[in-house]
Participant: 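Pasting a structure here, questions to come.
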Amino acid sequence: MKVDTKQKKFGMAIDLDKCTGCGSCMVACMSENNVPFKKDETNKLDSITWIKVYKVTNDKKYPDTDLCYIPRPCMHCDGQHGHAPCVSVCPAVATDNDKSTGVVSQIYTRCFGCRYCMAACPYHARYFNWWDPVWPEGMEKYLSPNVSPRMRGVVEKCSFCFHRYQLAMDKAYVEGRRELREDEYQTSCTQACPAGAITFGDLNNPKHTVHKMVQPDNKHHGKPKNPKAFRLLERLGTNAKVYYLSDRKWVRKLGDNQTPNEESSKKH
Amino acid sequence: MKIDRRDFLSLGIGAAAGIGAGTALSPLPWKLIDDSSIWSQNWPWTPVPPDGAVSFKNSVCTLCPGGCGITVRKVEDRCIKIEGTKGNIVNNGGICILGLSGLQLLYGPTRVKAPMKKDGGRWKEISWDSAIDEIVKRLKNIRKEGKPESVACVSGTDQGTVAQLIGRFLTAYGSPNYIRTSSIADSYEIALKKLHGQFSSIGFDFENSDFVLSFGSGVADGWGSPVRMFKANSKWKDSKDKALYQIESRLSNTAAKADKWIAIIPGTEAILAMGIANVIIQKSLYKKKLIEKYSKGFNNFKALVLKEYSPEKVSKITGVKKSEIIAIAKKFAGASRPVAICGSGQGRTPGSIFEFMAVHALNALIGSVNNIGGVFSVPEPDYIKWTEAEKDDVAAKGIKTDRIDGAGKKYPDTRYLINRLIDSINSTGDSPVELLFVNGANPCYTMPDTENVIKAFKKIPYIVSFSSYFDETTEMADIILPNHTNLERLEDIPLAAGLIKPVVGLSMPVVEPECNTRHIGDVFIQMAKLMDGNIKASFPWNNYEECLKKTLGDKWDKLARDGYWVDENSRASRGIFDFTPLVKNNRNLVKPEGKSKLTLIPYDSMRLTVGYIGDPPFAMKTVEDTILKGNDVFVEINPKTAADYNLSEGDKARLTTSKGKAKVRVHLYDGIRPGIVAMPRGLGHTEFDEYLAGKGENFNKLIGPVEDPVSGLDAAWGIQAEITKT
């Protein structure tokens, strides 16, 4: 049987001028993906948040201060030759860059917790389960059967809600289709965002909104042609599939960690 | 064969190398690693959620007044996830952080699982029958003593059939003391009554506005119906011609989203509004024909603002530059569909009526009242058409007594004065309230001067809580009759948060009740039936569902199908705009209590729920470590001010006001006016679960009520404070 040969590249564009930092995406993700919680979550180094909203400021004095929120899911890096930084270092083949969708997976049962991937990830997008998850009595009821709860000793991260892709594909196959409509596969955070700041879709499909928004240049490792769009730490060459948009120059410069006197590297 | 030392060594090394190479080439280590990961993960306590048939159920969220449509994903009879309903009139698919966390409340450890009675300071489970019997017995006794007015109810809302049923019960019983907790809804209601001469709620046509002048309203921080406001804000961002100006002393998320942030001296917003009016009138930018035709007292207003509110003078009081005041006025008057709004933060506490009237006057000046993109006076949804409750002699006498909170007397336009309730309980020997019902409210946490509120609640002989959760007020109660949670109950939800038409949503049970709870509507109908006489006669329904269906009549089908009903026939009331009350009250600013140098203000955030429900664990997880670290809350201070007090980032400090003290830590933040300390609302709970209780400090402990001279409502927006390094 010939299976879907057209290569997809699922990705995201987040409009930082619309994002209000409300945190809906974080909780939408936690409740979709059975993410556990502890009594104290204020040590952010061991607090598992697949998508985390960072708060940044322009570092200017009152009253010229400005602030911006940057939601950070897993960037699902493609790298320069199809290798995400985390994929190259995993000794257990527990993480993989899926060529047909562009989703970087994480297989918990293969992971033995060496955390090389966490060291390799420049975005701090990966989290380690230092403890077994514990839900208060009765709360296990809301756990979703679509995502397996993780156990102590494994690394986890954002999967672009890959189970939603699988469910949507199952449905499509039953209906005799091999292609999904744009709205059939959306991540939980995209769906929930009350500001409509997140757009998700196939970056390779010119009809998809996300493609139109960022205009990725596949000849140059997906660099956005839209001057308002940028990726976090573009200079590292991670070739991320998550793009950001902002009218504010200081936000775009900060996204690539530029030094104060450095000119924008947005030349193609 | 003799083996000498040399042979021995070379053999040994050879063997070691052989074993090394052999191991590396054999699959054994990889197999062992793989196995070890499998063995170490095969613990029986890692749950495997059971699979099953998936279904979706629609309802309306009642966790805040926003009224969003929610769609609950279920696997068999378990709720798995809450999502926003696509196509819903309010939120169209979007959903806020609290709504998303709803299942943690449904299945959480803070539920009151059955009726409870306090027995020697401890909660003891009792049966529904004995709980209701006990309350009815007390109610009968109080009535026999001829003091029906000493029964009161504190509730989060006065609209919808549940609130009306409770109100009806009190009326038939003989008590005028139904008390709604206060918010900016009260302030807008009173301002509209004064300026337009009739009672109505406020509605905003944000989707069509092209310029929004916000006097501290946190449109991106949970003001109004939060999801609707986020969507409107994104719409403004989509167009270059639309703009939001935020007037606020702190760079809130809203100020950060705004096209301009105007860092005003807090508490002077009304003055700035008058200054803007001055420029608009001075430069003849107002709609003359409209003002001539539809207003009263304009000449006095004109004379007043021209004389007293020149930009120079206003600049001095507000700290906003003269040029900026003129620019704002020009931008506002020059926009085609501008709107001015107020009510600080999420609008959970009322404000100065002078401010509300001054801001509303700006709308009147440029023709934004009852106009596209502007503000509307929206009548309350009029669908509950019951015959009046029957009154016997006791009821007729009781209902005529003065309200315990004094509302409607000294301040004729104020319907509820919960802050006065506390005072009148604390100022007399015996509490004037013998029995108190509490529903959808948590005053022992949300009201200012918490200590004083708790003192008053301790004096009330008998408190009945209907809370589904163990909150601070429930802990003060004598008996709990737990209501179903929002996902378990049927209820009509009139949407009060700023829509331009009256809209009623229908909250539907999406899951069978988890615990031994009972619908509050059923409890009141049942109590009425046990009360005999006129009270029984006033409740002709067998149960709440029957009552609701009969009340809604032909609207039921539409509500059950779509989840909401819009009263398309309702017309905005078109009263004459009367400037006189504004002129009369133009000096009535609300000033912060105290004599210290610093001003402490609260701030609201979507990630910290400030209403009667506490933050669920998921939402707590999103709170930044510059707001809460361990159990310590951080207050924001401008680095310049911090230097004056010798404070650096992360320092521990003591914050003192005339009402209380709190242990805090310091977070230096450039986005705040010097001289101001900002503290988040929503922390410092003493009840709820271990994920929330004991974390941070409750802002309400540090502030006391300051009565607004026009409405009598608490309008304190801040308090003078001292901070010392510890």
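Each chain gets a letter, A, B and so on, in the order its sequence line appears, and its residues count up from 1.
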Participant: Looking at G21(A), is its backbone amide N or carbonyl O close enough to the side chain of R607(B) to form a donor-acceptor pair, meaning the two atoms are under 3.5 Å apart?
Facilitator: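 Yes: the side chain of R607(B) pairs with the backbone of G21(A).
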Participant: For chain A, which residues of residues 221-231 of chain B have at least one non-hydrogen atom nearer than 4.5 Å to it?
Facilitator: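 Interface residues of residues 221-231 of chain B: V227(B), F230(B), K231(B).
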Participant: Can we say K18(A) and D238(B) salt-bridge, meaning some charged N sits less than 4.0 Å from an Asp/Glu carboxylate O?
Facilitator: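 Salt bridge: yes.
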Participant: Tell me whether K257(B) contacts the main-chain N or O of C19(A) through its side chain, where contact means a donor paired with an acceptor under 3.5 Å.
Facilitator: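 Indeed, once roles are kept as given, a pair shorter than 3.5 Å links the two residues.
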Participant: Please check: side-chain N/O of K60(A) versus main-chain N/O of D670(B), any donor-acceptor pairing under 3.5 Å?
Facilitator: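 No: the side chain of K60(A) does not pair with the backbone of D670(B).
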Participant: Should L67(A) and N253(B) count as side-chain neighbours, where that means a heavy-atom distance under 4.5 Å?
Facilitator: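 Yes - at least one pair of side-chain heavy atoms lies under 4.5 Å apart.
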Participant: Does a side chain donor of either K81(B) or S188(A) reach within less than 3.5 Å of an acceptor in the other side chain?
Facilitator: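 Yes, S188(A) and K81(B) have a side-chain donor paired with an acceptor closer than 3.5 Å.
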Participant: Over 60° means perpendicular and under 30° means parallel, so classify the ring planes of Y62(A) and W261(B), tilted if in between.
Facilitator: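 Aromatic pair W261(B)/Y62(A) classed perpendicular.
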Participant: Closer than 4.0 angstrom, basic N to acidic O: yes or no for R73(B) and E32(A)?
Facilitator: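 A salt bridge links R73(B) with E32(A).
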Participant: Is there a side-chain contact between P49(B) and P149(A), using heavy atoms and a 4.5 Å cut-off?
Facilitator: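 Yes, at least one pair of side-chain atoms sits under 4.5 Å.
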Participant: Between E137(A) and K113(B), is there a salt bridge with N-O shorter than 4.0 Å?
Facilitator: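 No, K113(B) and E137(A) are not salt-bridged.
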Participant: Under a 4.5 Å heavy-atom cut-off, does chain B meet the side chain of S148(A), its backbone, both or neither?
Facilitator: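 Answer is neither: S148(A) stays 4.5 Å or more from chain B.
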